[in-house]
Amino acid sequence: MSTRDSEYGGNDSELTAVVHDAAEIVTVEEDGSLGIYEDAAVAVVDGKVARIGATGPVTREYPPEDARLSVDASGKAVIPGFIDSHTHALFAGDRSDEFEAKLRGKTYQEILSEGGGILRTVRAVREASDEELLSNLVSQLDTMLAHGTTTVEIKSGYGLDTETELRMLKVIARADDRHAVDVIPTFMGAHAIPENRDADDYVDEVVEEQIPAVAEQGIAQFCDVFCEEGVFSVEQSRRVLRAGKEYGMTPKVHAEELAHIGGTQLAAELGATSADHLLYATEEDVEAVVESSVVPVLLPGTAFGLGAEFADARAFLDAGAPVAVATDFNPNCYSQSMGFAASLSCVEMGMTPAEALVAGTKHAGMALDMEDGSGTLQPGTSGDIAVLDAPSYVHVPYNFGVNAVETVLKGGEVVH
Ligand code: NIG
Ligand code: FE
């Protein structure tokens with residue numbers, strides 16, 4: 001527990017951790033390429049990355065025996081913790097029977113129009129107590145952390161009334177307080193049209209009642225909308241996102257997930273941080289995203305679960321867009337694993353393992369407006385680190401269906 005203060009840049013600074021003798025340490029550079037250090041160490045001081053490089057020089061400056069925590073990473077790869085930039089991880093109930101129904105040929109829209117899907121989760125969430133919701137979410141965060149996720153965005157949207165939407169956002173805030181994973185909250189009152197409601201009438205409620213109430217509590221950073229055929233039109237989505245913006249919430253859009261209706265152009269028009277899904281995005285959409293600096297967030301798990309065509313990741317990458325990949329973890333896309341999303345990115349969307357890693361780290365941070373170098377493992381950034389039980393970062397997508405992550409550090413503390 002001793003620290004040699006003078007060597008760490010300030011009298012009160014503490015050598016939080018030294019991860020040493022790693023087979024490789026992977027950082028993400030300014031231009032989005034990977035920096036790969038072999039036989040390497042990373043020193044974390046006061047929770048932030050202080051130095052990365054060859055084990056010899058790093059451990060001479062930052063001796064592992066002086067650190068609060070020393071991790072021998074011999075034979076292992078070390079990567080930035082994942083940032084999962086799109087999830088609906090807070091819910092109640094079970095929809096595994098819908099997975100079977102979809103395998104038998106039922107469509108997502110058919111299930112929703114029969115009162116299943118999102119609407120079924122809404123009923124379960126309304127009936128659940130705050131404590132049940134919190135315990136569900138904490139256990140999901142445990143699973144995500146075990147898979148290397150150190151920051152996650154979570155949307156409301158299973159309340160569809162002011163009271164329950166607020167309840168969800170408060171539970172999300174409590175989970176953030178209590179759990180090592182950092183949680184970024186998004187308000188998504190416009191996730192579905194509640195049963196027996198007219199869409200325009202419900203949009204009035206979201207705009208006039210829900211958004212002001214959420215803003216008053218200051219518990220959502222982003223405002224998202226399901227801009228989709230049979231759900232919210234472009235015009236309705238525009239109303240919701242404009243109102244959110246007026247109240248200080250940055251827009252995000254679920255765009256072209258099941259059909260092409262123009263959600264991507266809306267994201268560009270409003271300067272949204274991200275446009276997500278993009279399965280049916282066109283060439284014009286790719287251009288619009290690049291021109292307006294909207295981050296395309298691709299969610300291959302959803303396409304996999306729906307048996308749908310995957311988004312054209314290459315079109316976005318070749319146009320120079322900072323493609324992010326996230327899990328979309330929700331009852332319709334039941335995977336908390338960024339590693340599985342990376343496997344799908346490579347095998348089904350033609351991304352390289354390096355592109356998939358950057359998509360789940362640096363670019364994911366950009367999709368959440370994180371301007372502090374999150375997801376890069378560069379000096380000065382938070383010591384959010386995943387140590388793999390494998391010698392190369394390539395094992396993240398390569399070892400499909402299995403968790404390659406062994407140890408997770410958040411701010412230099414071992415949290416898994
Ligand atoms: O991103 N598309 C809307 N929302 C989720 C699905 C949520 C659900 O089915 O419960 C999605 O795929
Ligand atoms: Fe989603």
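Order of appearance sets the numbers: ligands from 1, and atoms from 1 within every ligand. These figures come from a predicted structure and were not determined experimentally.
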Near the Fe ion (ligand 2) (under 2.8 Å) - protein N, O or S atoms: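 Counting only protein N, O or S atoms under 2.8 Å from the Fe ion (ligand 2), the list reads His86 NE2, His88 NE2, His254 NE2, Asp328 OD1.
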Are side-chain N/O atoms of [X] and [Y] paired as donor and acceptor at under 3.5 Å?
X      : Y      : answer
Asp224 : Thr186 : no
His254 : His86  : yes
Glu209 : Thr162 : yes
Thr376 : Lys362 : no

Backbone of Thr327 reached by a side-chain donor or acceptor of Asp84 within 3.5 Å: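 Checking the backbone N and O of Thr327 against the side chain of Asp84, a donor-acceptor pair under 3.5 Å is found.
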Short side-chain to backbone donor-acceptor contact, Asp384 and Gly81, under 3.5 Å: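 It does not hold such a pair.
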Under-4.0 Å salt bridge between Glu269 and Arg238: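 Salt bridge between Glu269 and Arg238, a charged N being under 4.0 Å from a carboxylate O: yes.
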N-O pairing of Glu131 and Arg174 below 4.0 Å: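 The answer is yes: the pair qualifies as a salt bridge.
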Flag side-chain contact, heavy atom, 4.5 Å: Leu258 against Gln109: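 Counting from C-beta outward, Leu258 and Gln109 do come under 4.5 Å.
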Tabulation required: pairs of a nitrogen or oxygen in ligand 1 and a protein nitrogen or oxygen under 3.5 Å; columns are atom names and distance to 0.1 Å; otherwise 'none'.
from     : atom 1 : to     : atom 2 : distance (Å)
ligand 1 : 1 (O)  : His88  : NE2    : 3.3
ligand 1 : 1 (O)  : His254 : NE2    : 3.1
ligand 1 : 1 (O)  : His277 : NE2    : 2.9
ligand 1 : 1 (O)  : Asp328 : OD1    : 2.9
ligand 1 : 1 (O)  : Asp328 : OD2    : 3.0
ligand 1 : 2 (N)  : Glu257 : OE1    : 2.7
ligand 1 : 4 (N)  : His191 : NE2    : 2.8
ligand 1 : 9 (O)  : Arg95  : NH2    : 2.9
ligand 1 : 9 (O)  : Tyr108 : OH     : 2.7
ligand 1 : 10 (O) : Arg95  : NH1    : 2.8
ligand 1 : 10 (O) : Arg95  : NH2    : 3.4
ligand 1 : 10 (O) : Tyr158 : OH     : 2.6
ligand 1 : 12 (O) : Glu257 : OE2    : 3.1
ligand 1 : 12 (O) : Asp328 : OD2    : 2.9

